[in-house]
Amino acid sequence: MENEVTQRQLRNDSGEIMRALDRGTSFVVTRNGVPVGELIPVRSHRFVPAQEALAVFRNAPAIDGERLRSDLARWVDQDLPSGG
């Protein structure tokens, strides 16, 4: 369920709304009953230990370096434009 906040509430209760954002609450801002925007908490970056990251990719398929370079070369133009 989305929390709605009116334009007036946003203006008058901004401190309370900001604290709710800090706690992870999202809001839909309305004007005259019509949704006009969203306020969502910024996702904080979480540190992931190297061992945990390695475990996630342990069963990932191996990368064929030559095939990767070939695929990239097909789509990326590495020729520098001539200056002048």
Side-chain angles (χ1 to χ4, degrees):
M1 179 175 173
E2 295 177 335
N3 296 299
E4 286 191 6
V5 62
T6 66
Q7 179 182 5
R8 178 175 288 159
Q9 288 171 312
L10 180 59
R11 183 187 65 224
N12 294 339
D13 302 325
S14 62
E16 182 180 329
I17 292 167
M18 296 301 286
R19 286 186 290 278
L21 284 166
D22 284 339
R23 292 188 303 269
T25 304
S26 298
F27 297 91
V28 172
V29 180
T30 62
R31 181 175 50 219
N32 299 323
V34 178
V36 294
E38 294 177 307
L39 293 174
I40 58 171
V42 173
R43 291 194 173 125
S44 60
H45 296 282
R46 189 177 132 229
F47 175 78
V48 177
Q51 294 298 3
E52 191 175 324
L54 290 172
V56 169
F57 293 105
R58 185 168 289 127
N59 295 322
I63 295 175
D64 179 338
E66 287 301 315
R67 182 175 173 195
L68 175 62
R69 281 187 282 283
S70 173
D71 288 346
L72 290 173
R74 221 173 333 148
W75 294 102
V76 177
D77 181 8
Q78 294 187 6
D79 293 330
L80 297 175
S82 57

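Keep in mind the model is a prediction, meaning the values are calculated, not measured. The first residue in the sequence is number 1, and the count goes up from there.
Of the inter-residue distances, the one linking Asn12 atom CG with Thr6 atom OG1 reads 8.0 Å to the nearest 0.5 angstrom. To the nearest 0.5 Å, atoms CZ (Arg69) and CG (Asp64) are separated by 8.5 Å. Considering OG1 of Thr25 and CG of Leu39, their distance stands at 11.0 Å, rounded to 0.5 Å. The distance from the CZ atom of Arg19 to the CG atom of Asp22 is 9.0 Å, given to the nearest 0.5 Å. For the atom pair Asn32 CG and Arg8 CZ, the distance stands at 9.5 Å (nearest 0.5 Å).
Arg11 CZ: more than 12 foreign heavy atoms inside a 6.0 Å radius.
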Which atom pairs, donor and acceptor, lie under 3.5 Å between side-chain atoms of residues 47-58 and protein residues at least two apart or in another chain?
unit_1	atom_1	unit_2	atom_2	d
Glu52	OE2	Arg46	NH2	3.4

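When every heavy atom of Val36 is checked against every heavy atom of Arg31, the shortest pair comes out as CG1-NH2, 3.8 Å. In terms of heavy-atom proximity, Thr30 sits nearest to Glu4 at CG2-OE1, 3.8 Å.
Of the possible polar contacts, none joining the Asn3 side chain to the Phe27 backbone as a donor-acceptor pair under 3.5 Å is found.
In terms of hydrophobic clustering, with Ile, Leu, Val, Met, Phe, Trp and Tyr side chains grouped at heavy-atom distances under 4.5 Å, Met18 and Val5 are assigned to a common cluster.
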